[in-house]
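Please read the structure below before turning to the comments.
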Amino acid sequence: MTSNLGTANEFIARHIGPRAVDEEAMLTTLGFDSLEAMSAAVIPDSIKGTSVLGSQDGQSEADALAALKAIASKNQLFKNYIGQGYYNTHTPAPILRNLLENPAWYTAYTPYQPEISQGRLEALLNFQTLISDLTGLPIANASLLDEATAAAEAMTFCKRLSKNKASHAFFASIHCHPQTLDVLRTRAEPLGIEVVVGDERELSDVSAFFGALLQYPASNGDVFDYREVVQRLHAANALVAVAADLLALTMLTPPGEFDADVAIGSAQRFGVPLGFGGPHAAYFATRDAFKRDMPGRLVGVSIDRFGKSALRLAMQTREQHIRREKATSNICTAQVLLANIASMYAVYHGPDGLKRIAQRTHALTAILKAGLEQQGVKVVTEAFFDTLTLATGAATASLHAKARAQGINLRQIDATHLGLSLDETSSQADVETLWALFADATPDFADLAAATCVQLPAALQRQSAILQHPVFNRYHSETELMRYLRRLADKDLALDRSMIPLGSCTMKLNAASEMIPVTWAEFGNLHPFAPAAQSQGYLQMTQELEAMLCAATGYDAVSLQPNAGSQGEYAGLLAIRAYHRSRGDSHRDICLIPSSAHGTNPATAHMAGMRVVVTACDARGNVDIDDLRAKAIEHRERLAAIMITYPSTHGVFEEAIGEICAIIHDNGGQVYIDGANMNAMVGLCAPGKFGGDVSHLNLHKTFCIPHGGGGPGVGPIGVKAHLAPFLPGHAALENTAGAVCAAPFGSASILPITWMYIRMMGGAGLKRASQMAILNANYIARRLEEHYPVLYTGGNGLVAHECILDLRPLKDTSGISVDDVAKRLIDFGFHAPTMSFPVAGTLMIEPTESESKEELDRFCDAMIQIRQEIRAVENGSLDKDDNPLKNAPHTAAELAGEWTHGYSREQAVYPLASLVDAKYWPPVGRVDNVYGDRNLVCACPSIESYQDV
Ligand SMILES: *Cc1c(COP(=O)(O)O)cnc(C)c1O
């Protein structure tokens with residue numbers, strides 16, 4: 001009676017899909033009598049028992065939420081005037097509720113399968129159109145990670161494209177945000193680029209530079225006219241990037257109109273909460289001529305099988321999964337969810353609404369300035385948009401203290417200057433409060449308001465129209481916006497509809513209890529550069545999370561700063577590089593990478609200034625040890641590292657992992673273990689204990705942060721103690737050097753998701769999740785292996801947490817490709833597995849522990865039915881060209897039209913009887929990628945052009 005009166009922790013069983021009877025049945029299918037016996041058979045002896053995760057109990061959802069709330073409440077929410085690239089904003093409530101907090105949007109995957117992604121692709125196309133319009137540059141991508149890394153991408157972009165080939169010097173204006181300059185320095189050094197920081201107004205000779213970065217308006221508030229300096233830089237063959245504020249651009253001449261080659265910046269103030277620094281979407285826009293060198297993803301307009309307009313990702317051959325170390329960047333996960341929030345903010349407010357917000361912010365700033373001057377305060381800034389710098393002399397420190405005592409943060413510029421930035425949320429009362437801080441006299445707001453006018457230089461006042469496209473002029477009532485968001489979401493498949501079995505991507509449950517804290521004001525409304533005393537809740541949460549991740553991985557220290565797996569790889573390789581240098585081994589620059597590696601690995605090695613040497617895999621999918629040893633020995637004098645994924649991208653626990661690590665260490669290298677597959681290992685074995693020196697984790701894979709339709713993500717790195725001194729620092733932290741991101745904790749506001757997950761699962765629950773992920777994968781492999789060969793298994797015939805089906809033989813016997821199978825799965829209501837990675841012509845399936853046996857069976861039934869259709873093509877009972885696979889997916893419009901196929905309408909759309917009940921209808925037929933790349937359109941096309949096709 002007394003034993004069970006605490007709050008029951010039901011979470012583990014909520015997170016894990018299969019029930020006890022299902023677990024037993026699946027184990028029986030595989031020939032095991034317990035989960036322990038199964039995992040003992042899967043995990044190689046050499047690494048068994050390396051996990052250091054304790055077996056502490058998890059907490060119930062209610063208890064964990066209460067515990068986190070107590071921590072969050074230690075954050076103090078001051079009124080912020082800090083600015084410096086981060087501004088208060090109102091997230092429109094319908095966007096908060098129907099997009100940011102809506103699993104139909106946040107659980108979607110990157111839109112690689114365009115037919116099931118038209119909704120989010122449209123939202124992203126709106127984002128690109130927004131950016132292109134505001135910057136005055138024709139091509140914009142669908143987001144980068146943050147403003148500072150976007151600036152670094154602009155720097156390397158200029159390096160690739162500048163005609164000044166001999167130059168290695170990049171000019172960065174002293175007026176840039178300091179965090180941007182820090183990340184530029186980090187990114188420049190390994191590439192041999194010299195960042196020259198200076199005042200462009202004092203530049204006499206520009207011939208030394210291949211490129212330049214200017215900030216518009218300047219970090220301290222000034223609006224400078226850059227036309228002359230841009231011309232001079234161009235005359236010297238340098239390219240010019242401008243970091244620009246989107247809200248200001250509604251009133252200012254856009255960079256494209258003063259001939260800038262690139263515009264970058266943050267879309268944060270378009271409705272995305274401050275979140276202590278992230279996640280936010282950065283943007284990147286450029287000239288048409290440079291589009292093929294642009295980093296990041298690009299949404300483009302194409303047509304489907306019926307000639308109807310359809311969206312898809314364009315020019316993917318630039319990306320790391322194709323071009324590897326020659327890619328335009330290493331970016332994979334970006335900031336899709338945040339880009340979509342920003343795009344919907346513009347859709348909701350429209351051009352007039354945005355201009356009103358900008359004009360109001362500007363007018364309040366002008367009134368603030370006039371009042372301050374009336375009080376005798378010296379305002380240094382002349383032309384400004386929303387930011388003022390004040391020369392406060394010896395009173396500076398006491399002014400900060402006085403402000404803080406009233407719950408106000410001002411920007412700390414230096415000992416004698418402070419800064420003030422207003423924003424969308426600022427009011428008359430705020431301006432009056434600020435006046436009162438500086439003097440006892442109270443200027444008359446109404447008088448000053450009547451006397452002030454626009455204070456932008458006449459030559460820089462924007463003349464060109466913005467956001468003329470109907471999409472920005474149609475959804476200005478909440479009812480219209482709500483329905484638009486619903487209509488777009490309904491076009492897409494996300495985890496709220498069906499399993500997304502993407503190998504390597506770990507599309508598992510993003511539990512509501514994990515998501516709820518993300519939009520708490522205590523986490524959402526903190527400025528990243530607020531004084532540390534105000535972020536004690538964040539500090540506690542991040543310290544606890546670091547300890548949790550150390551326990552899960554066996555590493556000694558963790559940095560939470562990297563805001564995607566790719567950035568974690570970069571931070572990890574920089575740590576290795578710095579370690580070698582600290583030992584006088586600065587010549588070590590060779591990075592071995594097995595041929596099966598994810599494309600981000602070689603792209604990252606290149607960014608870290610390393611040379612990639614590819615090592616072979618054997619017929620069983622394992623690293624070819626002889627080749628590895630030979631190459632490690634051949635390059636032993638210069639060996640820096642290996643980047644290896646474990647369990648391998650082939651979905652197996654390689655037995656030789658210990659030996660591989662030893663070979664690298666014996667030859668002076670460090671071992672980078674790509675932790676994307678950590679979902680197979682937590683609680684079972686630990687990379688930090690079986691030979692890894694450093695790993696990144698994808699918190700948006702193993703640790704439950706949702707994929708957001710292609711971001712945000714978090715890619716923290718864990719390191720052994722000897723690499724800990726080389727973890728990324730930040731000007732806002734004790735260790736100030738080597739920032740890889742703009743904010744000290746990267747995408748801080750989504751870290752509570754992982755904290756909640758680990759806290760609720762406890763050590764035992766996490767271990768069980770790994771075991772169940774392995775069980776689910778092996779169950780699928782077993783059910784499907786008689787229909788499709790499973791390409792690789794371990795010595796025991798088992799896979800890890802994912803399996804690769806080999807469809808290449810079917811191509812020969814039936815002409816059916818992996819593409820056809822992927823598209824046919826849409827007719828069954830499923831997102832395709834990972835296609836042709838790591839082996840062309842295969843599908844890689846990762847079910848995760850969150851999928852129930854019913855869902856696994858539903859998926860297997862679909863795959864088996866598809867195999868029967870392929871058989872019908874093989875034996876001629878279905879035509880080899882006109883069959884349900886080649887024509888997939890089938891749309892409702894096609895069904896309603898004339899039916900000319902040699903198979904029935906029922907077979908087309910209801911290949912299994914169970915689909916009649918719950919049918920997903922793709923909005924477009926199969927999308928033509930080649931057409932779209934040949935006729936590149938990357939902004940919302942005019943309504944007329946829709947009618948042409
Ligand atoms: C997902 C993945 C990455 C890249 O991570 P992002 O967070 O998308 O940058 C790297 N390696 C492997 C094996 C992956 O699956």
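All values reported here derive from a predicted model rather than from experimental measurement.
Side chains of Asp674 and Asn601: a donor on one and an acceptor on the other come within 3.5 Å. Side chains of His177 and Ser219: a donor-acceptor N/O pair is present below 3.5 angstrom, by distance only. Ser695 and Tyr555 are linked by a side-chain donor-acceptor pair at a separation below 3.5 angstrom, with hydrogens and angles left out of the test. Between the side chains of Gln335 and Gln268, no donor-acceptor pair of N or O atoms lies under 3.5 Å. A donor atom on one side chain and an acceptor atom on the other are not found under 3.5 Å apart for Asp423 and Thr361. There is no side-chain donor-acceptor pair under 3.5 Å between Ser173 and Gln215. No donor-acceptor contact under 3.5 angstrom links the side chains of Glu147 and His280, judged on distance only. Using modelled atom types, one finds a donor on one side chain and an acceptor on the other under 3.5 Å when comparing Glu569 with Thr604. Donor-acceptor pairing under 3.5 Å is recorded for the side chains of Thr149 and Asp146.
Ring centroids of Tyr216 and Phe258 are separated by less than 6.0 Å, placing the two rings close together. Aromatic rings of Phe276 and Phe523 (six-membered ring for Trp) have centroids beyond the 6.0 Å cut-off, not under it. The aromatic ring centroids of Phe157 and Phe284 lie less than 6.0 Å from each other.
Lys79 is linked by a side-chain hydrogen bond (donor to acceptor under 3.5 Å, both in side chains) to Asp430, counting only residues two or more places apart in sequence or in another chain. Under the side-chain hydrogen bond (donor to acceptor under 3.5 Å, both in side chains) criterion, Gln561 pairs with no residue at all, not counting sequence neighbours.
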*Can you check salt bridge (Lys or Arg N to Asp or Glu O under 4.0 Å) on Arg297 and Glu319, steps first, answer last?*
CA-CA 8 Å; Arg297 297 210 178 93; Glu319 292 187 45; 3.6 Å; yes
*Go through the steps to decide whether Thr333 and Thr110 satisfy the test side chain to side chain contact (heavy atoms under 4.5 Å, CB included), and finish with yes or no.*
CA-CA 8 Å; Thr333 293; Thr110 310; 5.7 Å; no
_Could you walk me through whether Thr387 and Ser421 satisfy the side-chain hydrogen bond (donor to acceptor under 3.5 Å, both in side chains) test, starting with their C-alpha distance in whole Å, then the side-chain angles of each, then the deciding distance to 0.1 Å, before giving a yes or no?_
CA-CA 4 Å; Thr387 297; Ser421 289; 2.7 Å; yes
*Should Tyr538 and Phe745 be marked as a ring pair (Phe, Tyr, Trp, His ring centres under 6.0 Å) after you check the CA-CA gap, both sets of side-chain angles, and the distance that decides it?*
CA-CA 9 Å; Tyr538 261 115; Phe745 292 95; 7.8 Å; no
*Show your working on ring pair (Phe, Tyr, Trp, His ring centres under 6.0 Å) between Tyr86 and Phe529 and close with a plain yes or no.*
CA-CA 9 Å; Tyr86 302 89; Phe529 307 137; 5.6 Å; yes
*Do His527 and Gln534 pass the side-chain hydrogen bond (donor to acceptor under 3.5 Å, both in side chains) test, and can you show the C-alpha distance, the side-chain angles, and the key distance before you say yes or no?*
CA-CA 10 Å; His527 193 286; Gln534 294 165 30; over 6 Å; no
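Asp261 and Arg287 are joined by a salt bridge, as a carboxylate oxygen and a charged side-chain nitrogen come within less than 4.0 angstrom of each other.
A distance of 10.0 Å separates CG of Asn698 from CD1 of Ile705, quoted to the nearest 0.5 Å. In this structure, Gln540 CD and Asn75 CG are separated by 9.5 Å, a value rounded to the nearest 0.5 Å.
Under a cut-off of 6.0 angstrom, the local environment of NE2 in His606 is sparse, with at most 12 non-hydrogen atoms contributed by other residues, nucleotides or ligands.
Taking the centre and axis of the six-membered ring of Tyr109, the NZ or CZ atom of Arg120 falls outside the cone set by 45° and 6.0 Å.
Two residues are said to be in side-chain contact when any heavy atoms from C-beta on lie closer than 4.5 Å; Cys176 and Leu184 fail this criterion.
Panel note: side chain Glu424, backbone His90; a donor-acceptor pair is recorded below 3.5 Å. When atom types are taken as modelled, the side chain of Gln320 and the backbone of Asn330 share no donor-acceptor pair closer than 3.5 angstrom. Side-chain atoms of His707 come within 3.5 Å of backbone atoms of Cys505 as a donor-acceptor pair (strictly under, hydrogens ignored). For the pair Asn409 (side chain) and Phe78 (backbone), a donor-acceptor distance under 3.5 Å is absent. Not a single donor-acceptor pair under 3.5 Å links the side chain of Thr736 to the backbone N or O of Ala732.
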